[in-house]
*Asks:* 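One structure follows; several queries about it will come next.
Below, all heavy atoms of this structure are taken into account, side chains as well, without hydrogens, waters or symmetry copies. Throughout, protein chains are lettered first and strands after them, A, B, ... in sequence-line order, and every chain is numbered starting at 1.
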Number of protein chains: 2
Amino acid sequence: MAKRSARTPVGTVSFRLGVLGAGQEARYAERLADLELKPKHVALLSALRIKGAESQLEVAAVMRVAPSLVVLLADQLEARGAIERVRDPSDRRRQRLHLTEEGVRLLDAATAAAAALDEELTAPLDAADRAALARILERLAIANDLLAEDI
Amino acid sequence: MAKRSARTPVGTVSFRLGVLGAGQEARYAERLADLELKPKHVALLSALRIKGAESQLEVAAVMRVAPSLVVLLADQLEARGAIERVRDPSDRRRQRLHLTEEGVRLLDAATAAAAALDEELTAPLDAADRAALARILERLAIANDLLAEDI
DNA sequence: CAGAACGATTCACATATTGAATGGTTCACG
DNA sequence: CGTGAACCATTCAATATGTGAATCGTTCTG
């Protein structure tokens with residue numbers, strides 16, 4: 001019953017999350033290549049759908065990246081017509097971002113790609129474990145205050 | 001019962017693995033700073049303990065990184081006295097890597113740090129979920145042919 | 001109204017990693 | 001056996017990703 005402790009970090013949950021996560025991200029990046037998007041672009045689009053954006057700074061906080069990176073990602077998404085920047089009239093310092101039709105289309109395609117990836121990843125698991133994994137990861141995402149949908 | 005499908009990739013297992021994994025890796029990197037190690041160094045040391053090393057090329061394959069990166073990591077670990085390079089006498093092209101006393105010490109410290117991180121990460125989970133998570137991730141690691149201990 | 005605080009942007013820089021070129025070593029086979 | 005193909009390690013230049021500091025316009029506070 002008592003779990004023997006790991007002899008190397010490889011046996012820990014944290015390390016496995018890191019390795020598996022990096023693997024999935026790499027695969028996801030491949031699938032997104034068709035759409036000419038990177039995972040961070042998708043994260044930004046997702047943030048807009050889930051939370052809306054009071055400002056780019058807020059988006060940066062949600063995504064846990066530097067504000068200067070949001071500028072870059074937003075530049076690229078704007079150039080592709082996926083988002084629009086609108087100066088907040090009540091505070092002209094703020095740039096409000098919002099999804100265009102095209103952005104919605106891209107985000108839906110990216111969502112489908114991620115769902116397909118999930119299928120493949122969890123293929124070796126039985127239904128109960130698949131459900132458990134989804135539930136537990138959501139729990140951890142919320143506990144870590146990460147961007148989470150409230151489905 | 002039927003799970004509503006996610007509206008954004010953020011709700012998928014793959015995406016959550018990516019984000020949580022990146023977060024844990026970043027935290028782990030912080031903890032390792034004391035030991036003057038990076039997660040990749042630890043991955044290399046772990047590979048040596050778990051599988052031994054026929055050659056650096058083999059280590060690169062296990063770690064899923066370019067051989068040239070193994071050279072660099074091994075240089076740094078060797079300079080710190082954590083590993084030794086030994087030319088395989090039966091095939092003098094191969095560099096065999098092995099842990100020194102110091103390497104073992106570092107690896108043990110790194111393992112303890114990772115275990116501590118696990119504690120914190122899984123604090124919000126009950127015992128059953130903690131066990132389930134560990135079990136499922138191990139399953140996935142094996143299915144994905146990632147470096148795994150056989151505890 | 002002056003200056004502190006704030007948001008977006010730009011830019012130089014650090015870091016991590018890869019792929020191609022190089023050199024020494026071994027292997028297969030004519 | 002000798003020679004070219006294959007192989008491992010290494011070096012090096014190039015690329016990707018991201019950050020922090022400096023700058024500029026805007027807003028807030030006293």
*Asks:* Just how far, in rounded Å, is P of C:dC6 from CZ of A:R87?
*Replies:* 17 Å
*Asks:* For B:P124 and B:L121, which heavy atoms make the closest approach, and how far apart are they?
*Replies:*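 Answer, listing the atom of B:P124 first, then B:L121: CD-O, 3.2 Å.
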*Asks:* Do other residues, nucleotides or ligands put more than 12 heavy atoms under 6.0 Å from the CZ atom of B:R139?
*Replies:* no
*Asks:* Taking the basic N atoms (NZ, or NE/NH1/NH2) and the acidic carboxylate oxygens, is any pair closer than 4.0 Å for A:E54 and A:R96?
*Replies:* yes
*Asks:* Evaluate the criterion side-chain contact (heavy atoms from CB on, under 4.5 Å) for residue pair A:L44 and A:L97; output intermediate values, then yes/no.
*Replies:* CA-CA 10 Å; A:L44 197 162; A:L97 305 181; 4.2 Å; yes
*Asks:* Could you check whether any side-chain N or O of B:Y28 sits under 3.5 Å from a backbone N or O of B:A110, counting only pairs where one atom can act as donor and the other as acceptor?
*Replies:*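 Between the backbone of B:A110 and the side chain of B:Y28 there is a qualifying donor-acceptor contact (under 3.5 Å).
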*Asks:* Between A:K40 and D:dT17, does any side-chain N or O lie under 4.0 Å from OP1 or OP2?
*Replies:* no
*Asks:* Of all the heavy-atom pairs spanning B:L107 and B:S46, show the shortest one and how long it is.
*Replies:* CD1-OG, 3.6 Å
*Asks:* What protein N or O atoms touch nucleotides 1-3 of chain D N or O atoms at under 3.5 angstrom, if any, and at what distances?
*Replies:*
none

*Asks:* Just do the side-chain contact (heavy atoms from CB on, under 4.5 Å) check on A:L133 and B:L140 with the steps written out, would you?
*Replies:* CA-CA 11 Å; A:L133 180 60; B:L140 291 179; 3.9 Å; yes
*Asks:* Side chains of residues 59-75 of chain A: which donor-acceptor pairs under 3.5 Å do they make with residues two or more places apart or in other chains?
*Replies:*
from: A:R64; atom 1: NH1; to: A:D145; atom 2: O; distance (Å): 3.3
from: A:D75; atom 1: OD1; to: A:R85; atom 2: NH2; distance (Å): 2.1

*Asks:* I need the residues from residues 52-65 of chain B with at least one non-hydrogen atom less than 4.0 Å from DNA chain D; give them sorted by number, or say none.
*Replies:* B:S55, B:Q56, B:L57
*Asks:* How many Å lie between CD on A:E36 and C1' on D:dA16, as a whole number?
*Replies:*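 Taking atom C1' of D:dA16 as the reference, CD of A:E36 is at 17 Å.
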*Asks:* So, applying side-chain contact (heavy atoms from CB on, under 4.5 Å) with B:V10, which one of A:V42, A:L45, A:T111, A:L147 is it?
*Replies:* A:L147
*Asks:* Step by step, work out the side-chain contact (heavy atoms from CB on, under 4.5 Å) result for B:V13 and A:Q24.
*Replies:* CA-CA 9 Å; B:V13 166; A:Q24 286 306 100; over 6 Å; no
*Asks:* Under 4.0 Å, heavy atom to any atom of DNA chain D: which of residues 22-32 of chain B qualify?
*Replies:* none
*Asks:* What heavy-atom pair brings B:P9 and B:F15 nearest, and what distance separates the two atoms?
*Replies:*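 Minimum heavy-atom separation between B:P9 and B:F15: O-CB, 2.9 Å.
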*Asks:* Counting primed atoms plus P, OP1 and OP2 as sugar-phosphate and everything else as base, spell out the protein contacts along nucleotides 22-30 of chain D at 4.0 Å heavy-atom distance: B, S or - for each nucleotide, 5' to 3'.
*Replies:* ---BBS---
*Asks:* Testing the basics here: between A:G52 and A:E58, what is the closest heavy-atom pair and its distance to 0.1 Å?
*Replies:*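 Heavy-atom minimum between the residues: O-OE1, 4.1 Å.
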*Asks:* Going through the distances and angles, do A:R49 and A:V104 end up as a side-chain contact (heavy atoms from CB on, under 4.5 Å)?
*Replies:* CA-CA 9 Å; A:R49 174 170 282 175; A:V104 169; 3.4 Å; yes
*Asks:* If you compare all heavy atoms of A:E25 against all heavy atoms of A:P39, which two are closest, and at what distance to 0.1 Å?
*Replies:*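 Scanning both residues completely, I find the closest heavy atoms to be OE2-CB, 4.0 Å.
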*Asks:* Heavy atoms within less than 4.0 Å of DNA chain D: which residues of residues 67-86 of chain A have one? Give them sorted by number.
*Replies:* A:S68, A:L69
*Asks:* Which atom pair, heavy atoms only, marks the closest approach of B:I136 to A:D129?
*Replies:* CD1-O, 3.6 Å
*Asks:* D:dT17 C1' sits how many Å from A:L44 CG, rounded?
*Replies:* 16 Å
